[in-house]
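Chain letters run A, B, ... following the sequence lines, proteins first, then strands; residues in each count from 1. The model shown is predicted, which means the values in this text are computed figures rather than measured ones.
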2 protein chains.
Amino acid sequence: MATRAADTTRSDADPRPETDTTLRTAHAGPRARPGGRSARVRTAVHRAVIELLADAPAEQLTMPAIAARAGVHPTTVYRRWASLGDLLAAVAESRFTDDLVVPDTGSLRGDLRRWVTDVATDLTDPETLAIIRAALGSSTGGGCACIVERRTQLGAMLDRERDRGGVVPTVDRAADVLMAPLYFRALFTDQPGDADWAHDLADSLVDHCATTAVATRPSSA
Amino acid sequence: MATRAADTTRSDADPRPETDTTLRTAHAGPRARPGGRSARVRTAVHRAVIELLADAPAEQLTMPAIAARAGVHPTTVYRRWASLGDLLAAVAESRFTDDLVVPDTGSLRGDLRRWVTDVATDLTDPETLAIIRAALGSSTGGGCACIVERRTQLGAMLDRERDRGGVVPTVDRAADVLMAPLYFRALFTDQPGDADWAHDLADSLVDHCATTAVATRPSSA
DNA sequence: GCATTATTGCAGCGATCGTTGCGTTGACGC
DNA sequence: GCGTCAACGCAACGATCGCTGCAATAATGC
């Protein structure tokens with residue numbers, strides 16, 4: 001995990017019903033051409049979306065506006081991405097991968113405290129927030145793209161602690177205690193949540209897990 | 001709280017810089033006319049927004065479409081609501097008021113368990129989810145409108161318990177433990193969360209508050 | 001280097017959006 | 001009841017959106 005193909009080599013929404021895996025390999029066959037220019041266009045469009053979302057009232061984020069900002073013809077944007085929602089989901093996904101290294105401090109508590117702080121800091125960025133909001137607003141389940149990577153990171157830290165022999169909560173439980181408050185406050189309130197608060201979240205999860213042996217329970221949901 | 005003017009008598013976004021409170025009283029003066037027709041139009045437009053959000057891919061929610069669905073002329077919608085974001089925020093706010101009675105079972109645990117279940121059930125409704133998503137996506141901080149009423153309800157239950165002499169957490173803490181997971185799962189995942197899971201949330205808050213005397217701490221953030 | 005072809009640019013089109021001016025309706029105070 | 005004026009409907013307009021032909025470019029395999 002967290003080692004997916006780099007941002008410049010992936011094709012966003014290829015309408016051709018081919019197997020994605022074969023495209024990522026070196027011998028991609030005579031089809032698909034994610035070469036220099038396509039990658040450049042892709043990067044430019046993604047950056048344009050982020051920039052426009054940052055300093056624009058959103059909602060006036062249209063395909064032509066994105067194309068103009070990216071220095072690309074609108075037709076290109078229309079053809080490569082089926083809809084604005086797809087584009088937003090792609091931007092969200094590519095932005096939230098490889099942007100945050102999973103900490104490895106040696107203890108679960110240390111890892112979680114560090115990771116929660118990093119995520120909280122990231123959620124302070126207006127750009128990040130704008131992308132999440134826009135992706136959530138779009139129909140094409142762009143919301144999942146925002147957190148799938150974060151869930152993977154969380155799972156990695158829990159797995160590592162489990163390998164150390166510690167009792168760990170489920171990923172769902174950890175997401176409820178850590179990710180949920182982080183994202184909830186960032187999206188719905190004006191309190192970004194400071195470092196102390198974030199640390200308390202991590203501590204409460206670890207402490208609760210230490211006192212009660214709920215980790216072995218099958219867990220609801 | 002929860003006793004604001006009924007849905008049919010409020011004016012959404014009156015551009016006139018008057019004091020809102022005077023408008024709600026009976027002797028509203030010679031200005032403002034939230035009478036029968038205006039209220040009818042308002043209700044129709046709100047319903048149209050909800051209906052369109054329910055069975056449309058969203059994002060193709062435009063002012064003319066809303067007007068057509070509401071049986072109202074587009075000009076009316078343009079004039080009464082400054083932007084689509086304002087309209088969405090207004091719809092969100094009016095929908096999340098008076099739609100859920102604050103339970104009063106006699107104990108904080110019972111109140112919270114009941115309330116959490118109700119909120120979880122509400123978040124199962126696709127219409128509700130669509131409104132929240134759309135309001136979040138709009139620029140004009142429509143996100144706050146979705147939860148401000150819920151926060152008030154939560155605070156009311158906590159205040160009642162405090163009057164009973166019990167130790168209660170802060171509203172922020174309760175929101176982190178209860179509301180955050182509810183909304184996070186509803187927005188970002190496909191697991192709506194069942195009744196048992198919701199009850200566990202309420203229990204964890206009450207139990208944690210009972211074991212440790214953190215309630216008297218000034219609490220961060 | 002050269003042929004192939006995925007990808008982009010270009011021009012132009014229908015459709016719809018968002019706005020404005022003006023006449024009409026109907027809620028409110030008397 | 002009647003007059004007043006906020007709120008709505010109507011028609012028309014410019015602007016922009018989203019899409020589709022076809023030509024040009026450049027990445028890929030040989």
Side-chain angles (χ1 to χ4, degrees), chain A residues 8-18 22-46 48 52 56-57 59-87 138, chain B residues 8-18 22-46 48 52 56-57 59-87 138:
Chain A
T8 52
T9 59
R10 282 193 60 244
S11 174
D12 279 276
D14 30 14
R16 285 166 275 93
E18 299 188 353
T22 58
L23 291 178
R24 306 226 186 103
T25 57
H27 61 291
R31 296 192 182 283
R33 189 176 295 184
R37 188 163 70 157
S38 293
R40 238 172 4 246
V41 169
R42 196 186 109 97
T43 302
V45 170
H46 280 208
L52 285 178
E59 171 180 324
Q60 70 188 31
L61 181 77
T62 62
M63 297 292 231
I66 296 170
R69 180 91 174 201
V72 170
H73 204 271
T75 313
T76 301
V77 183
Y78 281 115
R79 274 199 271 249
R80 277 190 61 149
W81 292 274
S83 69
L84 188 61
D86 291 339
L87 176 55
S138 72
Chain B
T8 52
T9 59
R10 282 193 63 245
S11 175
D12 279 275
D14 29 15
R16 285 166 275 91
E18 299 188 354
T22 58
L23 291 177
R24 308 227 185 98
T25 57
H27 61 291
R31 296 193 182 281
R33 189 175 294 184
R37 187 163 70 158
S38 294
R40 237 173 5 246
V41 169
R42 195 186 109 99
T43 302
V45 170
H46 279 209
L52 286 178
E59 175 178 323
Q60 71 187 30
L61 181 77
T62 62
M63 297 292 232
I66 296 170
R69 181 89 174 202
V72 171
H73 204 271
T75 313
T76 301
V77 182
Y78 281 115
R79 273 199 270 252
R80 278 191 60 148
W81 293 274
S83 70
L84 188 61
D86 291 340
L87 175 54
S138 71

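Atom CG of B:Asp86 is separated from atom P of C:dG18 by 13 Å (rounded to the nearest Å). Rounded to whole angstrom, the span from the CE atom of A:Met63 across to the C1' atom of D:dT16 amounts to 15 Å. The distance from atom OH of B:Tyr78 to atom C1' of D:dA11 is 15 Å, rounded to the nearest whole Å. C:dC10 atom C1' lies 10 Å from atom CZ of A:Arg79, rounded to whole Å. For the pair B:Leu61 CG and C:dC17 P, the computed distance is 11 Å after rounding to whole Å. Per the geometry, CH2 belonging to B:Trp81 stands 17 Å off C1' belonging to C:dT19, to the nearest Å. Rounded to a whole Å, the CD atom of A:Gln60 is 10 Å from the P atom of D:dC17.
B:Arg80 has its side chain within reach of B:Ser38: a pair of non-hydrogen atoms, C-beta onward, lies under 4.5 Å apart.
The rotation axes computed at either terminus of the helix from C:dG1-D:dC30 to C:dC30-D:dG1 lie 60° apart, taking five pairs at each end and rounding to 10 degrees.
Under the side chain to side chain contact (heavy atoms under 4.5 Å, CB included) criterion, B:Ala65 pairs with B:Leu52, B:Thr62, not counting sequence neighbours. A search for side chain to side chain contact (heavy atoms under 4.5 Å, CB included) contacts involving B:Thr75 returns B:His73, B:Arg79, not counting sequence neighbours. For A:Ala44, the side chain to side chain contact (heavy atoms under 4.5 Å, CB included) partners two or more places apart in sequence, or in a different chain, are A:Ala70.
Relative to the side chain of B:Arg37, the nucleotides C:dT19, C:dT8, C:dA27 differ in distance, and C:dA27 lies closest. Listed nucleotides D:dC17, D:dA7, C:dG18 differ in distance to A:Thr62; the shortest reach to its side chain belongs to D:dC17.
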Check: protein-nucleotides 12-15 of chain C nitrogen or oxygen pairs below 3.5 Å:
none

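For DNA chain C, no neighbouring residue in residues 64-71 of chain A is found when judged by any heavy atom under 4.0 Å.
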